[in-house]
Amino acid sequence: MNPKLKQTRARSEEKKAVQFERILEAGKKLFLQKGSRGFSMRNLAEMLDMTKNNLYNYIESKKELWIAIRNKFYNQFKEENLEIIKNHEGSKCDLILKLYEHFLDFADRDYDKFRMMFNIIEAPHSNKIGPIESTYKEFRLLNGTTRLIQEAIDEGEISEENASLLSLMTYSLVMGVAYIQMNRIQTPSPVWENIQLSILDVSFKTFKEHALRVLEYILKDNS
């Protein structure tokens with residue numbers, strides 16, 4: 001192949017990738033502002049200063065876009081988890097606690113990602129399955145946690161025999177902490193209970209540390 005033609009194609013693919021990232025970021029903002037029902041591809045095209053037809057060259061429906069955004073965040077989360085697992089030395093229980101701490105820190109870094117990842121922004125309706133959805137594999141966080149808890153049970157670190165129950169209990173706690181912290185720091189809600197959350201004088205660091213102690217107690221001590 002002509003080197004100049006090859007270089008031109010490479011630049012073209014790079015530009016497409018950059019534009020696609022712009023679409024994902026703008027799509028995230030619009031989903032968070034309007035919700036799935038208020039979201040429209042026309043509004044997204046206007047935000048990006050693109051024609052609607054040009055936008056469809058990159059993404060064919062708002063459901064496909066919703067999945068692509070979530071995929072991006074899940075892949076980031078997964079890669080960071082794999083790095084923690086790779087570098088971990090110690091017990092399975094300690095690894096589980098590290099992964100739960102990472103979950104809380106990941107959410108706290110960007111609650112917009114958290115809202116997209118965990119279905120707080122519901123999936124748009126679509127009558128057909130597009131190319132992104134057809135290859136989409138759900139990220140099953142509970143499956144991984146349950147597997148690690150079962151390994152800890154098998155190795156005698158945990159005497160509780162029901163790995164699924166422990167996984168559900170610990171996941172519920174860490175998800176609740178993340179969700180409550182999100183409501184504490186985001187735009188004040190008119191709901192009185194959420195207003196109370198926002199005025200409590202408890203730092204995220206303190207909140208997280210105490211939650212992790214409870215998780216450690218559930219996993220290690222309260223057999």
Side-chain angles (χ1 to χ4, degrees), residues 24-25 28-29 31-32 66 69-122 138-153 157-158 160 162-189 191 193-223:
L24 293 183
E25 184 60 28
K28 180 192 75 172
K29 291 178 181 178
F31 273 123
L32 293 170
W66 181 86
I69 293 168
R70 295 175 82 242
N71 255 345
K72 175 184 175 181
F73 298 152
Y74 271 129
N75 287 335
Q76 290 175 356
F77 183 64
K78 182 179 178 180
E79 286 172 10
E80 291 178 16
N81 271 344
L82 290 174
E83 191 66 21
I84 291 169
I85 293 168
K86 176 184 174 183
N87 294 323
H88 174 70
E89 295 180 1
S91 70
K92 286 291 191 305
C93 278
D94 286 338
L95 175 57
I96 294 165
L97 290 168
K98 282 182 183 178
L99 293 173
Y100 276 143
E101 182 175 12
H102 171 245
F103 178 95
L104 292 172
D105 288 338
F106 187 88
D108 188 59
R109 267 184 267 153
D110 189 339
Y111 279 102
D112 288 346
K113 290 182 181 180
F114 177 78
R115 292 170 67 191
M116 291 296 299
M117 287 169 65
F118 293 99
N119 289 340
I120 297 173
I121 305 297
E122 63 180 345
E138 292 182 352
F139 186 82
R140 299 184 178 181
L141 180 64
L142 269 175
N143 285 6
T145 306
T146 304
R147 187 185 69 252
L148 283 173
I149 289 175
Q150 186 60 58
E151 290 174 6
I153 291 172
E157 293 182 28
I158 299 174
E160 168 65 55
N162 193 332
S164 294
L165 177 60
L166 269 182
S167 180
L168 184 60
M169 287 175 62
T170 53
Y171 178 77
S172 297
L173 176 59
V174 78
M175 177 63 78
V177 170
Y179 186 79
I180 288 170
Q181 182 64 12
M182 178 186 72
N183 279 289
R184 291 181 69 210
I185 67 172
Q186 300 231 328
T187 303
S189 165
V191 179
E193 288 77 8
N194 286 343
I195 294 173
Q196 293 180 82
L197 290 174
S198 67
I199 61 176
L200 290 174
D201 186 21
V202 178
S203 69
F204 172 68
K205 180 181 178 182
T206 300
F207 191 24
K208 181 182 73 172
E209 286 175 352
H210 279 71
L212 289 170
R213 286 180 198 167
V214 173
L215 287 166
E216 184 174 18
Y217 177 73
I218 291 171
L219 290 172
K220 292 184 176 183
D221 302 322
N222 190 26
S223 302

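All values below come from the heavy atoms of this structure, side chains included, with hydrogens, waters and symmetry mates left out.
Counting heavy-atom neighbours within 6.0 Å of H210 NE2, excluding the residue itself, gives a total of 12 or less. Atom CZ of R140 has 12 or fewer neighbouring heavy atoms from other residues, nucleotides or ligands inside a 6.0 Å radius.
Judged by distance alone, with hydrogens and angles left aside, the side-chain atoms of W66 form a donor-acceptor pair with the main-chain N or O of I121 at under 3.5 Å. In this structure, the side chain of D108 does not engage the main chain of L104 through any donor-acceptor pair within 3.5 Å. Panel note: side chain T170, backbone L166; a donor-acceptor pair is recorded below 3.5 Å. Using a distance-only test at 3.5 Å, with no hydrogens or angles considered, a donor-acceptor pair links the side chain of R184 to the main chain of V202.
From N75, atom CG reaches atom NZ of K78 across 7.0 Å, with rounding to the nearest 0.5 Å. Atom-to-atom distance recorded for L99:CG and E80:CD is 11.5 Å, nearest 0.5 angstrom. A distance of 10.0 Å separates CE of M169 from CG of L215, quoted to the nearest 0.5 Å. We find the OG1-CG distance between T146 and L141 to be 9.0 Å, quoted to the nearest 0.5 Å. Interatomic distance, CZ of R147 versus CD1 of I96, reported as 10.0 Å (0.5 Å rounding). Between atom CZ of residue R115 and atom CZ of residue F31 there is a gap of 12.5 Å, rounded to the nearest 0.5 Å.
Pairing each heavy atom of A211 with each of V177, the nearest pair is CB-CG2, 3.7 Å. Taking every heavy atom of both residues into account, F77 and F106 meet most closely at CD1-CG, 3.6 Å. In terms of heavy-atom proximity, L142 sits nearest to S167 at CD2-OG, 3.2 Å. Heavy atoms only, all atoms of each residue included: M116 and R70 are closest at O-NE, 2.8 Å. Taking every heavy atom of both residues into account, Y74 and M117 meet most closely at OH-O, 2.5 Å. Annotation for K28 and I69: closest pair N-CD1, 3.5 Å, computed over non-hydrogen atoms.
Of the charged side-chain nitrogens involved, at least one lies within less than 4.0 Å of a carboxylate oxygen, so that E151 and K92 count as a salt-bridged pair. Salt bridge R213/E216: absent, no basic N to carboxylate O contact under 4.0 Å. The existence of a salt bridge linking K220 and D94 is confirmed by a sub-4.0 Å separation between a basic side-chain nitrogen and an acidic carboxylate oxygen.
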Task: side chain to side chain contact (heavy atoms under 4.5 Å, CB included) evaluation trace for I153 with N162 - done: CA-CA 9 Å; I153 291 172; N162 193 332; over 6 Å; no
Open item on the list: Apply side-chain hydrogen bond (donor to acceptor under 3.5 Å, both in side chains) to residues T145 and Y171 and explain how you reach the verdict.
Closed with: CA-CA 8 Å; T145 306; Y171 178 77; over 6 Å; no
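Put simply, the side chain of L95 reaches to within 4.5 Å of the side chain of I84, judged on heavy atoms. Side chains of F73 and D110 form no contact here, defined as non-hydrogen atoms less than 4.5 Å apart. In this structure the side chain of D105 reaches within 4.5 angstrom of the side chain of F204, judged on heavy atoms.
Ring pair F114/F118 is tilted by interplanar angle, where 30° to 60° counts as tilted.
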